[in-house]
Amino acid sequence: MNEQENTPTNFIRNIIDEDLKINKNNGRVVTRFPPEPNGYLHIGHAKSICLNFGIAKDYNGACHLRFDDTNPSKEETEYIDSIKEDVKWLGFDWGENIFYASGYFGQLYDFAVQLIKMDKAFVCSLSADEIRQQRGTLTEPGQESPYRNRSVEENLELFAKMRAGEFGNGAHVLRAKIDMTSGNLNMRDPVIYRIMHADHHRTGGQWCIYPMYDFAHCLSDAIEAITHSICTLEFEDHRPLYDWVLDTLQTEHHPQQIEFARLNLDFTVMSKRKLMQLVNDKLVSGWDDPRMLTVSGLRRRGYTPASIRNFCEQIGVGKRNSRIDMGILENAIRDDLNEIAPRVMGVLDPLKVIIDNYPEDQTEELEAQNHPQNPEMGSRLVPFSRELYIEQTDFMEEPPNKFFRLGPGREVRLRYGYFITCQSFEKDAKSGAITAIHCTYDPATKGGNAPDGRKVKGTIHWVSARHAVKAQIRLYDRLFEVENPEADKEKDFKEFINPHSLEVLDNCQLEPALTAAQPGDSFQFERQGYFCVETKDSTPEALIFNRTVTLRDSWARENKKG
RNA sequence: UGGGGCGUCGUCAAGCGGUAAGACACAGGCCUUUGACGCCUGCAUUCGUAGGUUCGAAUCCUACCGCCCCAGCCA
């Protein structure tokens, strides 16, 4: 499907439009997506990616991919690789503009020295606990550190020694000298450098002091001459510090920080920390478990890049804390797959049908459209024979009036096949389960049309038993049972995991054309939903499909209503 | 009791002083060899509340009310 040509506007685009009007930044627009490589990207990051790269694209600007790798104790190369893969897969291109905060460590160090020389920063030798105690509270001002008035010379010397590795972790920190009485806690002489004897995944053992976010981020933005630095709401309180650093250092560029509301989705959690817990506690199979709202999970589940981009466009960008309905995400993937997925027949829960008046050893090849709305996608031949499988749910012993499917004496159409009428059925005496049904077919209705013009209300899918390919199908449901797993203050979010979020069906019967399906290929199993070939576990000998999303089912809804 | 934000349909969200877009959801109807898709219709006399300014306010002013974020040597 086509993505909308004109992206809906939002307050950030309005700001940029205004900036352009007054020729701010000489008309340049440069954004950046700055992930910390400490986890996999999720749908919330996708929103930010679409926002930043989308703006760059629409304003003929650029969007930098910059890894905010200032904390070696949490970051790993594995995450860098996955992030790059995910951004690319989503359809965005950073071109030459890939950067690392760690690439600026030298410059950042020099900026810190400059701050010290301006008497705007000092080495503080208080412990972490002491600093916390002296920071004050939300309503009381903090106290100034006893080390606040060290001489510039002493600060310079101490900072050099910090860098040289003469002190252990935590012995000293470098703090900006701002205002311990500020109502904004971030301005109460924030720590901007800490000692951390740890190898960095990119700079190795070169450094044993690392800059804090508030110092590294704004300066990285300035170094790259970013024009609009878009981040989430919780950084609103940091903006004064962002501006303070750049103003005091009088950097050539001073990007504008703009905050927007992060994405929250119903029935899931959206923080890397919590997603990591699910992985580590083995509650899911990994970061790319198809139930995870990670980019890699969605990809494995069968979501397309276009569907995610459309979703991000539909939800908009604002400053309100909101919670988006899962239905919007599902609608986005249905919308895309409806256009592009070939149609195919597969029976998830098979029920044997014997067509008593069909010759025992006969087989026919019936033509089926790959996409009824798009004839260009062609057709295929589907084998038909005396014994078939239909969906267990397509037969009822005592069907209600509005049930359009099979029941004793009822006639239905087999899609692209024949009209069949149920004559009798076999039932397991003990369990009461229907084990097989006997039908007769009308040879005149081949292909699905009755020459006498008679109509049937129902059309059901089927598969020839003799020709069927057996496959495993994994059905997914929302990972959590409650709308907001994080809302309960008493209970841990993991207690709300939906025990039925994964259901594995091992006896599915598919039409033989599916043998040729390749990992990642998506199909619509008619009347069921969209499914894709599992990328990790499926083999040509043992096909495995993931259900991406069901089709809308107004019959099920009607039933629920009662 | 400090500082920073936010309050427009069930859920998102436009709107920027001229008389409430759109999307999803929902309800009806049409179409149908997918109870899918598609199509049509309906869906906020009202914008957290109360005042005020104005010919005119969701948009400006004032005061309340409610919700979110901040006390990492995390980002």
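Just so we're on the same page: letters track the sequence lines, and every chain starts at 1.
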Please report the distance separating the [atom1] of [N] from the corresponding atom of [M], rounded so that it comes out in whole Å.
N      : M      : atom1 : value
B/rC61 : B/rU53 : C1'   : 7 Å
B/rC70 : B/rC55 : C1'   : 46 Å
B/rG4  : B/rU11 : P     : 29 Å
B/rC65 : B/rC73 : P     : 34 Å
B/rA58 : B/rA21 : C1'   : 14 Å
B/rG22 : B/rC9  : C1'   : 12 Å
B/rU49 : B/rU59 : P     : 11 Å
B/rA50 : B/rG18 : P     : 24 Å

Would you classify [X] as touching base, sugar-phosphate or nothing, given that sugar-phosphate means primed atoms plus P, OP1 and OP2, and contacts are heavy atoms under 4.0 Å?
X      : answer
A/L138 : base
A/V191 : sugar-phosphate
A/L126 : base
A/Q373 : base
A/R323 : sugar-phosphate
A/R320 : base
A/S127 : base
A/V456 : nothing
A/L185 : base
A/M212 : sugar-phosphate
A/I195 : nothing
A/Y193 : nothing
A/N38  : nothing
A/S182 : nothing

Would you call [X]-[Y] a salt bridge at under 4.0 Å N-O?
X      : Y      : result
A/K319 : A/E236 : yes
A/E391 : A/R527 : no
A/E486 : A/K274 : yes
A/R262 : A/E234 : yes
A/R66  : A/E224 : yes

RNA chain B: 5'-proximal contact among A/Q524 and A/N14 (nearest heavy atom)
A/N14

5'-most by nearest nucleotide on RNA chain B - A/P372 or A/R194
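On the 5' side of the pair lies A/P372.
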
With a 4.5 Å limit on heavy-atom distance, are the side chains of A/Y213 and A/E36 in contact?
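A/Y213 does not reach A/E36 side chain to side chain.
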
Find out whether A/L366 and A/K446 are in side-chain contact, i.e. whether some heavy atom of one side chain is under 4.5 Å from a heavy atom of the other.
yes

[atom1] of [X] versus [atom2] of [N]: gap in Å, rounded?
X      : N      : atom1 : atom2 : answer
A/Y213 : B/rC70 : OH    : P     : 14 Å
A/N321 : B/rG5  : CG    : P     : 14 Å
A/N374 : B/rU34 : CG    : P     : 16 Å

Nucleotide of [options] approaching [X] most closely (side-chain heavy atoms):
X      : options                : result
A/S322 : B/rA36, B/rA71, B/rC12 : B/rC12
A/D237 : B/rC16, B/rG4, B/rA25  : B/rG4
A/N10  : B/rA36, B/rG4, B/rA14  : B/rA14
A/R552 : B/rA25, B/rG35, B/rG72 : B/rA25
A/E526 : B/rA14, B/rC73, B/rU34 : B/rU34
A/I328 : B/rG2, B/rC73, B/rC24  : B/rC24
A/R557 : B/rC26, B/rG35, B/rA13 : B/rC26
A/H238 : B/rA75, B/rC73, B/rC74 : B/rA75
A/L551 : B/rA75, B/rU34, B/rG15 : B/rU34
A/Q314 : B/rC73, B/rC74, B/rA23 : B/rA23

In the structure shown, which nucleotide is the Watson-Crick or G-U wobble counterpart of [N], with both distances under 3.5 Å?
N      : value
B/rC60 : B/rG52
B/rA14 : none
B/rC47 : none
B/rA75 : none
B/rG66 : B/rC6
B/rG42 : B/rC26

When the aromatic ring centroids of A/Y441 and A/Y418 are compared, is their separation below 6.0 Å?
yes

Could you tell me if A/Q257 and A/E259 have a donor-acceptor pair between their side chains, going purely by distance under 3.5 Å?
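Per modelled atom types, A/E259 and A/Q257 side chains form a pair under 3.5 Å.
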
Going by ring centres under 5.5 Å and near-parallel planes (under 30°), is A/W555 stacked on B/rG35?
yes

Is a donor on one side and an acceptor on the other found under 3.5 Å between the side chain of A/K177 and the backbone of A/R148?
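Such a contact is found between A/K177 side chain and A/R148 backbone.
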
Does [X] make a side-chain N or O approach to OP1 or OP2 of [N] shorter than 4.0 Å?
X      : N      : answer
A/T459 : B/rU32 : no
A/R132 : B/rG72 : yes
A/R135 : B/rG72 : yes

